[in-house]
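Heavy atoms only: backbone and side chains are in, while hydrogens, waters and symmetry mates are out.
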Amino acid sequence: MDSLPRIALVGAMGIGKTTALRSLCGEKMISSDVVNLDRGSNAKEFTTVGTEFGEIDLGDGERVQVCGCPGQERFSFVRQWILSVSMGVFVMVDVNQPEAVNEATRLLQDVAAQEQPPLVLILNARPAPAAAIDRFAQALSEAGHGVVPVLQADPRDRGQMLDAMGVLASMLSLQSEER
């Protein structure tokens, strides 16, 4: 049996990776949430400490595995492992935050360091005006990352997350045609 194509969800603690995974996969997912003991960094009640897995049926027998990574830097080894076995990645950010470009840059560097870097799509996970998203994309380009697509996608909205998955699937299809 062939393994399923894998998409990674990466981003800061509290950005909505678990929520996005739950939106995409429903309750049929494996969660690694535990009580958050680092309330100084983030006040949320639970946090992810391992990899979370879910599977999406895209129709016509097409399925994809989605893996959420913990956002805390002390678990970067988990993120590195998931990135190494993924064909695509959603880098989840909040373009409204002053550190968004630095956070995205760090994650994009992690992706680029892979032997076979997965294809990247950045998801702005919080409401923001189009101008803020454009400024963020421009700042990434000026930081040397080239043109990286940035989409608005609410992690709680399954339709928006599926739309983002469709964009990533199209990008992957185009990439495979170029080879």
With a 4.5 Å cut-off on side-chain heavy atoms, are [Y] and [X] touching?
X: Leu174; Y: Leu119; answer: no
X: Val64; Y: Arg6; answer: no
X: Met87; Y: Pro118; answer: no
X: Leu24; Y: Met165; answer: yes
X: Met161; Y: Arg22; answer: no
X: Met13; Y: Pro70; answer: no

If the condition is side chain to side chain contact (heavy atoms under 4.5 Å, CB included), which residues does [X] pass it with, not counting sequence neighbours?
X: Asp154; result: Arg156, Asp157, Gln160
X: Leu151; result: Leu121, Leu123, Ala164, Val167
X: Ser141; result: none

Contact summary for [X] and [Y], nearest pair of heavy atoms:
X: Asn124; Y: Pro127; value: ND2-C, 4.4 Å
X: Gly68; Y: Leu21; value: N-CD2, 4.3 Å
X: Ala112; Y: Pro117; value: O-CG, 3.9 Å
X: Gln152; Y: Arg126; value: NE2-O, 2.9 Å
X: Pro155; Y: Ser23; value: O-OG, 2.5 Å

Within the distance-only criterion (no hydrogens, no angle test), does the side chain of Ser173 pair as donor or acceptor with the backbone N or O of Ser170 below 3.5 angstrom?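 The answer is no, because no donor-acceptor pair under 3.5 Å joins these two groups.
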Verify, without hydrogens or angle tests, whether Lys17 (side chain) and Gly11 (backbone) share a donor-acceptor contact under 3.5 angstrom.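 The answer is yes, because a donor-acceptor pair under 3.5 Å joins these two groups.
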Mind checking side-chain hydrogen bond (donor to acceptor under 3.5 Å, both in side chains) for Asn96 and listing every partner two or more places apart, or none if nothing turns up?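 side-chain hydrogen bond (donor to acceptor under 3.5 Å, both in side chains) check on Asn96 returns Asp94.
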I'd like to check the side-chain hydrogen bond (donor to acceptor under 3.5 Å, both in side chains) partners of Glu99; sequence neighbours left out, ordered by chain and number.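 Here no residue qualifies.
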Does a donor on one side chain sit under 3.5 Å from an acceptor on the other, for Thr18 and Glu52?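 There is such a pair (donor and acceptor under 3.5 Å, judged by atom type) between the side chains of Thr18 and Glu52.
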Regarding Gln80 and Gln114, is there a side-chain donor-to-acceptor distance under 3.5 Å anywhere?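 Indeed, the side chains of Gln80 and Gln114 share at least one donor-acceptor pair under 3.5 Å.
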For the [atom1] atom of [X] and the [atom2] atom of [Y], what is their distance to the nearest 0.5 Å?
X: Cys25; Y: Phe53; atom1: SG; atom2: CZ; answer: 11.5 Å
X: Trp81; Y: Cys67; atom1: CH2; atom2: SG; answer: 7.0 Å
X: His145; Y: Thr105; atom1: NE2; atom2: OG1; answer: 3.0 Å
X: Arg63; Y: Glu55; atom1: CZ; atom2: CD; answer: 4.0 Å

Could you list the cluster mates of Leu108? Members are the ILVMFWY residues connected by side-chain heavy atoms closer than 4.5 Å, either directly or through other members.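 Under the 4.5 Å side-chain rule, Leu108 groups with Val10, Leu83, Val89, Val91, Val93, Val95, Val101, Leu107, Val111, Val120, Ile122, Ile133, Phe136, Leu140, Val148, Val150.
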Taking the basic N atoms (NZ, or NE/NH1/NH2) and the acidic carboxylate oxygens, is any pair closer than 4.0 Å for Glu73 and Arg79?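 Salt bridge present between Glu73 and Arg79.
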